[in-house]
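Naming convention: chains lettered A, B, ... in sequence-line order (proteins, then strands); numbering from 1 in each chain. These figures come from a predicted structure and were not determined experimentally.
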Amino acid sequence: MKRVYNFQNYIIGLLFICLFSACEKVIQLDVPDGEAKIVIEGIIVNESAAQVKVSRSLPYDEVLGDHLIDDAVVVLSTSYGATEQLKLKSPGVYQSRSILGLVGASYTLSVTVDEEEFVAESTMPRVTPIDTIYATYDPFPEVFDRPGDYKVDIDFSDDGEIENYYRLKGYVNRELLNDADAFLVFDDQLFNGFTFTIGMVANRFNLTDTVNYQLLSIDKDTYSYYTQLGDIIGGGSSSIPYNPQGNFSNDAVGYFSAQSSAISSIILEAEED
Amino acid sequence: MNSILKLKLLLFISLISCASIAQQVTFSGTIRDANTGEELIGATVFVQETSEGASSNTYGFYSLSVKPGEYTIKADYLGYAAQQIKVSLLKDKLLNIELKPETTSIDEINIVGTKSDRDVSSTDVGMERMQMAEVNKLPVLFGERDVFKSMQLLPGISSAGEGGSGINVRGGATDQNLILLDEAPVYSASHLLGFFSVFNSDALKDMTVYKGGIPAQYGGRASSVFDIQMKNGNTKEIKGSGGIGLISSRLTLEGPIAEDKVSFIVSGRRTYADIFAPLATDAEDTKLYFYDLNAKLRFKFSDKDQLFLSGYFGSDKFGFEDMGMDWGNATGTARWNHIYNPKLFSNTSFIYSNYAYNFKVNSESFNDLRMTSGIVDYNLKQDFTWYPNPNNTLKFGFNAIHHSFAPGELISDGESTNNIKVDSRKGIETGFYISNKQNINARLNASYGLRFSSFSTIGEFTDRDYDDEGNIIDERVYEKGDVASTYWNVEPRLALTYLLTSNTSLKASYNYNTQYMHLLANSTTEQPTDYWVPVTPNVKPLKVHQYSGGLFHNTENGVWEMSTEVYYKSLNDLVDFKNGAEVILNENYEAELVNGKGYSKGVEFLVRKNKGLFTGWFSYTLSQTMNQFDEINNGEWFSARHDKTHDFSIVGAYQLSKRTSLSATFVYNTGIAVTLPYGVYEVDGKVLPLYSDRNGGRMPDYHRMDVSLNVDGKKRKRFQSSWNFSIYNLYGRENAYSISYRESESKPGSLEAVQYALFKFVPSVTYNFTF
């Protein structure tokens, strides 16, 4: 549901821009003090190894670089009884070897840094397959000044029996679209049990582009974290800013999520229908 | 009713009857402008022999009792020539008075037009009045005159955001102001995200604001009252006025339909921002405008009966291609004035009011999707004013409102989408009040009263209880007509004025106000999607106690006026949002709310020069507004967003020549309290700010200067015109409207704060005319 009114905010934002040429300026802030926090981002996708990134927050005016933590103890256990300590794969990133993502399984992740333990759980939802992926000629009006003439959408069928939560990721020529407006997270409140059409609303693609869409089914906690994250990366100017509430104990920043993925890809060719 | 209440009522009645009961005659009537027939509000009638006086009410009516005899009566109103009338009063007499506007000579120009000794002797504490003549000369954004923005220059009243007409009064939130237009509550008082108020100043006559000492006839909101009166329409001749500005044009017509019996006024305004919108060149069906239409008919049946029919329609429209939104107010009011006898004045009002928001989109994934929200009111109001003797004026009456709250509904015609509806709730709000204004002795005046208020929330809707995580733990279904909750309160109101000398007074006041509905607005800017919800078993009414006191002094000649007021306000059962609360189209919106408390305290100074070539004022407010919610910031007290420690305004106007005047305003205030980041981290491949506690930091300080030049055209017989040139934000200060954070391009992996500023140096020109 979030999308509908995000859309409205988008329009309201446009209204501002159209009416008043807002002046924008980078400023130096007089910021308050606060404690550094441990940041954990753990994801396990079906049929893949778990990846956990452990870092800490730095003071506001510093540059991220030495924020990664290499000496954490990261342990993943499953509802079917497997347990594994994850090995450091690259700076700050830990990966499982034997445990791979399994639909329907629950996972518990424990991360210990400097004798402090942070724990979170997540259950992997069923895969929602993508029915079709297709491109349509639909350039943006000139004022938006965005490149590309084609939009790409997918159709998928929502399971009417349960509440579903989704994240859609887009890749163009294997590169992830990582802008704030490509961060799409939604639930099925509006289309429960129906076939739904969605795409990267704010992106257009060019001929010869290869576009991959990944439809991730996520649990409710992850949905809640992502929607809050979406608020923050949208600039955080429309509502009171806050730190997204993740599922880790002990006040760690970040989240742990088991998610199932469906991928479709399309190559944009000259003779589009 | 308990015995304490009875006792209070008894005391009340005995106080009134203390006054002499010797045989008296009453003279009463209406005070009007001699040229237009427009009723004058707050004009005074003074009996020179007895030194007793009265002032006219919002319908221009006054009543005064004296012993039979010969008297000299002096009627006076600011900006009008005082009139002396010799009358022989042997029995009750109807005495309608017409006052002629003073022809202003250059030596006595009143830009700030409040009668100078008014503040000293009246029992009104924390009251401000503004007349339209005063508003019209101030420089303003885009040249759009706006009473709400002008009010923000007074102490204790501050702007809720750059260029906006949203108002915080003495630490109150923007939804705690009772805004009345001709007795009808206005729910959304602004256009275009708050930049323009809905009140077209051409059609307005008078505005009274109560920051404290709120009289008992007003209720329903916790912090303040903005009582706005529209003109009633010229009863002598057809007149017109209007203006052409940068973003809108206005036209007002008024006049008699049947001489002295029926008169009308129609006033309209429409913006043409859509013409300037760059989108307009691209998409042909771009819509972007707002309009206001005020209309009023007055029927005078006799000297005792008058009927007013009035309406306000205003709407904002915005849309392009396959989507659109519009929102606006429609109100209709029928009022009947009846004078039962020279001592008893009655007004009965029936008011219909509707605020609606609509959003529509028709795209591939959302087939003809519509979202609506709003509120509809039916309101019956009965007010009596009784003038038993010159020392007492009693007001009593009741008010009953039927509210229908529609928090939100999403309807789709598409076959592959569901509809979403947040249950609508209904409410019956009632208020009974009685109050008296009493001159206790030559030095002491008092105004005291009680208001009994109640609110019942009625089905059909499903009421839910939630645990701390927002999960539903209990559910109750209320059928149509079932009462879900009833709250009631007895609200005492008191104001005292003690005259130390003839031009110096001490004042004190106390008021208790309750508010039974809240505006859910989880956003830092005013949004049309903000919606009103009533109290329910879980959402409690907001209760406010306010104590204030002040010292008022005018110089002998009335040129200078000074005042200082202090106040303390405690707020209980305040409503705020959990972090990341989602309230739009959320049937569990109550799970997103938290209950807490707050206080606001402050001291206000005002120095004002009322006469001479140079007029203007200086106002300063030092205040603190704090809130506490168990669920926010670990239950610690924190600054409310609109907490501005220092708030200065300087307003000056100088008459350069007979036809030219120059005015300027300067404002400065401490930056509002906001949540700032103290750290930086990375999640999802994005560099993100780590925020401190809520409202733990400050925006940069705000300051701005505006100037305007007003040039009147040559006076002609009928047609008069004037030009207004103004510059908003003269020195181009980039005041932070909002701050957002993004990853720095020059230093990847670090954040930069980006400040958005609106309205840097906005010149405008407006042409105004009357005919």
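Here the CG-CE distance, from A:L29 to B:M699, works out to 9.5 Å after rounding to the nearest 0.5 Å. Summarising the geometry, atom CG belonging to A:D179 is positioned 12.5 Å from atom CZ belonging to B:R742; distances are rounded to the nearest 0.5 Å. One finds the CD atom of A:Q28 at 9.5 Å from the CD atom of B:E752 (value rounded to the nearest 0.5 Å). Atoms NZ and CG, on B:K747 and A:L64 in that order, are 11.5 Å from each other to the nearest 0.5 Å.
At a threshold of 4.5 Å between non-hydrogen side-chain atoms, the residues A:Y242 and B:T675 do not count as touching. The shortest side-chain heavy-atom distance between A:I232 and B:Y691 falls under the 4.5 Å cut-off. Using a 4.5 Å heavy-atom threshold, the side chains of B:L688 and A:V253 count as separate. Residues B:V683 and A:Y225 form a side-chain contact, since some pair of their non-hydrogen atoms from C-beta on lies under 4.5 Å apart. At a threshold of 4.5 Å between non-hydrogen side-chain atoms, the residues A:E41 and B:E682 do not count as touching.
In this structure a side-chain-to-backbone donor-acceptor pair under 3.5 Å is missing from A:N178 to B:K686.
At most 12 non-hydrogen atoms from other residues, nucleotides or ligands lie less than 6.0 angstrom from NZ of B:K360. The number of heavy-atom neighbours closer than 6.0 Å to CD of B:E409, taken from other residues, nucleotides and ligands shown, is above 12. Annotation: A:R56, atom CZ; neighbour count of heavy atoms from other residues, nucleotides and ligands within 6.0 Å does not exceed 12.
When all heavy atoms of B:P677 and A:P32 are compared, the pair lying nearest together is O-CD, 3.9 Å. The minimum heavy-atom distance between B:Y678 and A:E35, with the atom names listed, is OH-O, 2.6 Å. Taking all atoms of both residues into account, the shortest heavy-atom contact from B:Y681 to A:P244 is OH-CD, 3.9 Å. Between A:E62 and B:V680, the shortest heavy-atom distance links the atoms O-CG1, 3.7 Å.
With salt bridges taken as basic N to acidic carboxylate O contacts below 4.0 Å, one links A:R167 and B:D684.
Put simply, of A:N243, A:V26, A:V31, the one with the most heavy-atom pairs under 4.5 Å next to chain B is A:N243.
Residue A:D155: no heavy atom, backbone or side chain, is found under 4.5 Å from chain B. B:R698 does not touch chain A: none of its heavy atoms, backbone or side chain, sits under 4.5 Å away.
Of the residues listed (B:L676, B:L751, B:L690), the one engaging A:Y60 in a side chain to side chain contact (heavy atoms under 4.5 Å, CB included) is B:L751, and it is the only one.
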